[in-house]
Amino acid sequence: QVQLVESGGGLVQAGGSLRLSCAASGRTFSSYAMGWFRQAPGKEREFVAAISGSGDDTYYADSVKGRFTISRDNAKNTVYLQMNSLKTEDTAVYYCNADPISVPPGGVQYYSGIYRRGYWGQGTQVTVSS
């Protein structure tokens with residue numbers, strides 16, 4: 001069992017930045033691929049970014065590529081999402097995910113479609129105002 005706690009959400013103006021954090025419990029953090037997903041009101045939850053267990057490989061949705069950066073600190077059992085150049089369409093609840101597979105097979109394709117694997121945090125609200 002892995003417990004995930006997100007933090008760092010809030011209200012920011014368009015063009016601004018936020019950094020989300022996700023702290024994980026357990027001793028085998030580095031064996032989990034970690035991901036960030038988001039869900040806007042009335043929409044399905046969607047993939048944002050992911051990182052392999054070692055941190056060597058990262059994966060991004062096209063909508064955030066070049067603006068968001070995912071990273072992890074395995075010594076601190078924490079994964080981060082640095083969000084720059086935020087847009088109003090980035091407004092959503094952001095969820096942290098831990099998948100017990102160190103490297104997602106197929107990269108971004110692993111997260112396509114309806115993804116329900118692994119463990120989830122409770123979410124943190126990000127609101128971007130115009």
Side-chain angles (χ1 to χ4, degrees):
Q1 186 78 12
V2 176
Q3 293 185 326
L4 304 171
V5 179
E6 302 101 331
S7 61
L11 174 64
V12 63
Q13 287 190 327
S17 298
L18 279 176
R19 188 175 84 152
L20 306 183
S21 299
C22 173
S25 65
R27 301 180 182 179
T28 59
F29 181 69
S30 62
S31 66
Y32 287 78
M34 299 298 295
W36 287 97
F37 290 71
R38 66 187 181 187
Q39 187 167 18
K43 295 188 176 181
E44 294 289 328
R45 186 165 56 191
E46 65 175 0
F47 169 74
V48 175
I51 188 167
S52 62
S54 65
D56 289 342
D57 301 296
T58 57
Y59 317 91
Y60 296 95
D62 287 342
S63 58
V64 306
K65 203 171 294 183
R67 300 188 298 122
F68 291 10
T69 302
I70 189 170
S71 62
R72 66 190 296 160
D73 185 338
N74 286 346
K76 295 182 178 180
N77 280 19
T78 302
V79 63
Y80 306 97
L81 185 68
Q82 178 66 44
M83 306 186 294
N84 298 331
S85 303
L86 282 161
K87 305 176 181 179
T88 54
E89 52 262 45
D90 294 319
T91 295
V93 177
Y94 282 71
Y95 296 91
C96 179
N97 170 264
D99 194 328
I101 181 167
S102 59
V103 179
V108 173
Q109 291 302 314
Y110 182 76
Y111 298 99
S112 63
I114 299 175
Y115 175 85
R116 294 291 182 263
R117 289 180 283 271
Y119 302 93
W120 297 87
Q122 82 290 347
T124 186
Q125 177 71 47
V126 172
T127 302
V128 184
S129 64
S130 58

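The list of salt bridge (Lys or Arg N to Asp or Glu O under 4.0 Å) pairs with a residue in residues 30-52, not counting sequence neighbours, reads R38-E46, R38-D90. Residue pairs meeting the ring pair (Phe, Tyr, Trp, His ring centres under 6.0 Å) criterion with at least one partner in residues 63-104, sequence neighbours excluded, do not occur; the list is empty. The side chain to side chain donor-acceptor pair (under 3.5 Å) pairs that include a residue from residues 115-128 are E6-Q122, N97-Y115, D99-Y115, Y110-R117, Q125-T127, where partners are two or more places apart or lie in different chains. The disulfide bond (SG atoms under 2.5 Å apart) contacts involving residues 52-84 comprise nothing, where partners must be two or more places apart or lie in separate chains.
Proximity of S102 to Y32: side-chain heavy atoms (C-beta onward) are nowhere separated by under 4.5 Å.
In terms of heavy atoms, V2 sits closest to A98 at CG1-CB, 4.3 Å. Residues P100 and G118 approach most closely at CD-CA, 4.2 Å, considering heavy atoms. In terms of heavy atoms, S52 sits closest to V103 at CB-CG2, 4.3 Å.
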Please tabulate, one pair per line, all N/O donor-acceptor pairs under 3.5 Å involving side-chain atoms of residues 55-66, not counting sequence neighbours.
| from | atom 1 | to | atom 2 | distance (Å) |
| --- | --- | --- | --- | --- |
| D56 | OD2 | S54 | OG | 3.3 |
| Y60 | OH | I70 | N | 2.9 |
| D62 | OD1 | K65 | NZ | 3.1 |

Check residues 9-29 and write down every donor-acceptor pair under 3.5 Å in which the side-chain atom is one partner and the other belongs to a residue at least two apart or another chain.
| from | atom 1 | to | atom 2 | distance (Å) |
| --- | --- | --- | --- | --- |
| S17 | OG | N84 | OD1 | 2.9 |
| S25 | OG | Q3 | N | 2.9 |

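Put simply, V48 and Y111 are part of two different groups of oily side chains (I, L, V, M, F, W, Y) that touch within less than 4.5 Å, one to the next. Taken together through direct or relayed side-chain contacts under 4.5 Å among Ile, Leu, Val, Met, Phe, Trp and Tyr, V126 and V5 form parts of separate hydrophobic clusters. Under a hydrophobic clustering in which Ile, Leu, Val, Met, Phe, Trp and Tyr are joined whenever their side-chain heavy atoms come within less than 4.5 Å, directly or via other members, M83 and I51 fall into the same cluster.
Between L81 atom CG and M34 atom CE the span is 11.5 Å, to the nearest 0.5 Å.
In this structure R72 satisfies the salt bridge (charged side-chain N to carboxylate O under 4.0 Å, His left out) test with no other residue, sequence neighbours excluded.
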